[in-house]
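Values below: all heavy atoms of this structure, side chains included; hydrogens, waters and symmetry mates excluded. Note that the numbering runs from 1 along the sequence shown for the chain. The structure presented is a predicted model; accordingly, all values stated were derived computationally and were not measured.
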Amino acid sequence: MSLNEQTILRDFVADVTGLVVRPIFDGIELKVDEKPFATIKLLNDADFSSTKLKDSTESSELYEIVVYPTSNKEQRTICENIKNKLSCATFDGFTVADNIGIQPVGPESPADLLNYHRAYISVTITKRTNRRN
């Protein structure tokens with residue numbers, strides 16, 4: 001179930017960074033005075049494959065972690081820390097793919113203080129399930 005993996009990733013990122021990590025849902029309000037913090041969101045879980053005998057399946061899920069730091073230096077430090085720790089981590093029930101991406105994104109206007117120094121981190125996880133009778 002995706003919620004379980006999202007919770008595990010959320011707690012892992014919080015432990016690694018010391019930040020509050022919030023799951024994204026409709027109606028959530030993010031405030032500039034609460035920076036630094038991070039958010040996590042499941043983008044898709046559509047990739048699915050099975051073996052010829054259908055005794056094993058593999059699925060993948062793409063998560064987006066958004067970091068809202070207070071400075072460029074803090075952004076780089078937090079993002080690299082998350083990437084390095086996720087690359088080496090082992091989780092019960094899923095693995096993190098080697099394609100962790102970091103994309104800094106600036107604010108849309110100078111008045112948008114919340115989105116200054118924001119960065120997106122994309123994380124793909126894969127899960128294998130054995131269906132032995």
Checklist entry - What class does the angle between the rings of Y68 and F37 fall in, given that below 30° is parallel, 30 to 60° is tilted and above 60° is perpendicular? => result parallel
Item to check | Name of the residue among V13, D15, V16 meeting side chain to side chain contact (heavy atoms under 4.5 Å, CB included) with K85 | outcome: V16
Checklist entry - Can any side-chain N or O of Y116 pair as donor or acceptor with the backbone N or O of P69 at less than 3.5 Å? => result no
Item to check | Reported CG-to-CD distance for the pair L114 and E29, which is rounded to 0.5 angstrom | outcome: 10.0 Å
Next on the checklist: Check for me, please, whether L43 and L30 land in the same ILVMFWY cluster - side-chain distances under 4.5 Å, paths through other members count.
Outcome noted: no
Checklist entry - Is the backbone of L113 close enough, under 3.5 Å, to the side chain of K35 for a donor and an acceptor to pair up by distance? => result yes
Checklist entry - CG/N4 to NZ/K127 distance, rounded to the nearest 0.5 angstrom? => result 8.5 Å
Checklist entry - Should S60 and T126 be marked as a side-chain hydrogen bond (donor to acceptor under 3.5 Å, both in side chains) after you check the CA-CA gap, both sets of side-chain angles, and the distance that decides it? => result CA-CA 4 Å; S60 66; T126 56; over 6 Å; no
Item to check | Separation of R76 CZ from N81 CG (nearest 0.5 Å) | outcome: 14.5 Å
Checklist entry - Any chance CG of D98 has more than 12 other-residue heavy atoms, nucleotides or ligands included, within less than 6.0 Å? => result no
Checklist entry - Hey, are K41 and E64 close enough for a salt bridge, meaning a charged N less than 4.0 Å from a carboxylate O? => result no
Item to check | I102 with Y63, same ILVMFWY side-chain cluster at under 4.5 Å | outcome: yes
Item to check | Audit row: R22, I40, side chain to side chain contact (heavy atoms under 4.5 Å, CB included) steps and yes/no | outcome: CA-CA 6 Å; R22 301 179 183 155; I40 187 167; over 6 Å; no
Checklist entry - Cluster question for you: counting only ILVMFWY and a side-chain heavy-atom cut-off of under 4.5 Å, with indirect links fine, are V67 and Y120 together? => result no
Item to check | More than 12 heavy atoms from other groups under 6.0 Å of CG on D33 | outcome: yes
Checklist outcome for this item: Distance col, row I125:CD1 vs E5:CD, nearest 0.5 angstrom, shows 4.5 Å
Next on the checklist: Is there a path of hydrophobic side-chain contacts, each under 4.5 Å between heavy atoms of I/L/V/M/F/W/Y residues, joining F25 to L3?
Outcome noted: no
Checklist entry - Please walk me through it: do I100 and I82 pass side chain to side chain contact (heavy atoms under 4.5 Å, CB included)? => result CA-CA 10 Å; I100 300 170; I82 292 170; over 6 Å; no
Item to check | In one Ile/Leu/Val/Met/Phe/Trp/Tyr side-chain cluster, 4.5 Å: I78, V96 | outcome: yes
Checklist outcome for this item: dist R128:CZ -> T95:OG1 (nearest 0.5 Å) comes out at 9.5 Å
Checklist outcome for this item: Shortest non-hydrogen pair, P23 vs Q6, comes out as CB-NE2, 3.3 Å
Checklist outcome for this item: To the nearest 0.5 Å, atom CG of N44 lies from atom OG1 of T124 at 8.0 Å
Item to check | Worked verdict on F91 versus L86 for side chain to side chain contact (heavy atoms under 4.5 Å, CB included) | outcome: CA-CA 10 Å; F91 297 97; L86 276 174; 4.0 Å; yes
Item to check | Q75 side-chain N/O to R118 backbone N/O, donor-acceptor pair under 3.5 Å | outcome: yes
